[in-house]
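To start, the structure under review is shown below, and the notes come after it.
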Amino acid sequence: MKEEISRPGPGARRGVVVVHGGAGFVPPERRDVHLSGVRVAAAKGREALTDGATSLEAAIVSVAEMEANPIFNAGCGSSLNERGEVELDASVMCGATRLAGAVAAMVPFPSAIRVAEAVMNEGRHVLYAGEGATAFAERSGFERLAPDALTTDRARTRLEAQLAGRVGEAWAGGTVGAVVADAAGHVAAATSTGGTVGKAPGRVGDTPLIGAGTYADDISCAISATGVGEGIMRASLATRIALGASSPKDVEQAADTAMKDFAERFDGSGGVIIVTPHGLVVMKWNTVTMSHAIAREGEDVIGGI
Ligand code: GLY
């Protein structure tokens, strides 16, 4: 298992934005572009935070930036299902209010994370799927795109490789997520994906499921997961970490225990990014790569893959 831990510096508490660009295998020649993508996304979220945005808005800004970047598997550049279609999953959760919103198996819209935010703000339900998600997005004022508007040549090539049985070439991860703690200690999480390459139509992964791919509660931490959703869902990975930590101090140990269990008992493949209200950042992954970046207010952005 690989990990990165980042502790807040001394002095007054400051905000921190943490992002991932997906767990999987990014080939060496493409790692620079993934690293650059997550660094830009973290910096944009931090800029929003410094300008007065809430932790949730900063997380959404970072995720929306990666949805617009075709190198990631979310928004533009999303993985295609076995029929060659884009179906989007996304969710948000606010740690201060414990409110959440999500969409699943949704046809192309410019930003699934913004639709998930609208679901949360409407407050009637937590998760809309399929035609219901499309209808919700349209009545909320989002513009539906042409079916292939988010499809890239690279996504088509990955699908062809998957359908030809060259799985290793097809799966590069690329789900995107962000967790943020503001200076007041409020945390939030946001995650967005096109799902797995060559998935069956209607397949939904962990990303839009609160407690699996996304979770946030000010009494413990905010979490965004990435990897193969089937294992993350069966392990209830985000809930497992949040509930395993009886206080923010215990998050590091809880993440370690949960990730070992995820790998050993659920055959899980993936990773998590976590931030506590005090700004402790914990990242763990068991894949070859998981692009990530940390942008603390007043410090340089750091990134890795
Ligand atoms: N973790 C993304 C998915 O499995 O859909």
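Note that ligands are numbered from 1 as they come in the structure, with each ligand's atoms numbered from 1 the same way. The model shown is predicted, which means the values in this text are computed figures rather than measured ones.
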Would you say [X] has any N or O atom under 3.5 Å from an N or O of ligand 1, going by distance alone?
X      : answer
Thr193 : no
Gly195 : no
Gly205 : no
Asp206 : yes

Between Tyr128 and Arg139, the two heavy atoms sitting closest are OH-NH2, 3.5 Å

Of the backbone atoms (N, CA, C, O) and the side-chain heavy atoms from C-beta on, which set of Arg203 has a member under 4.0 Å from an atom of ligand 1: side chain, backbone, both, or neither?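 Arg203 to ligand 1: side-chain contact only, backbone stays beyond 4.0 Å.
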
Would you please determine whether Lys199 falls within less than 4.0 Å of ligand 1 on a heavy-atom basis? no

Going by the order shown, which atoms of ligand 1 are within less than 4.0 Å of some heavy atom of [X]?
X      : result
Thr175 : 1 (N), 2 (C)
Gly229 : 3 (C), 4 (O)
Gly227 : 1 (N), 2 (C), 3 (C), 4 (O)
Thr207 : 1 (N), 2 (C)

Should [X] and [Y] count as an ion pair when the cut-off is N to O under 4.0 Å?
X      : Y      : result
Glu65  : Arg39  : no
Glu85  : Arg83  : yes
Glu230 : Arg203 : yes

Under 6.0 Å between ring centres, would you say that holds for Phe136 and His125?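 No; His125 has its ring centre 6.0 Å or more from that of Phe136.
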
Distance-only, no hydrogens or angles: does the Lys2 side chain make a donor-acceptor pair with backbone N or O of Thr287 under 3.5 Å? yes

Gly211 backbone acceptor or donor facing Thr239 side chain under 3.5 Å: yes

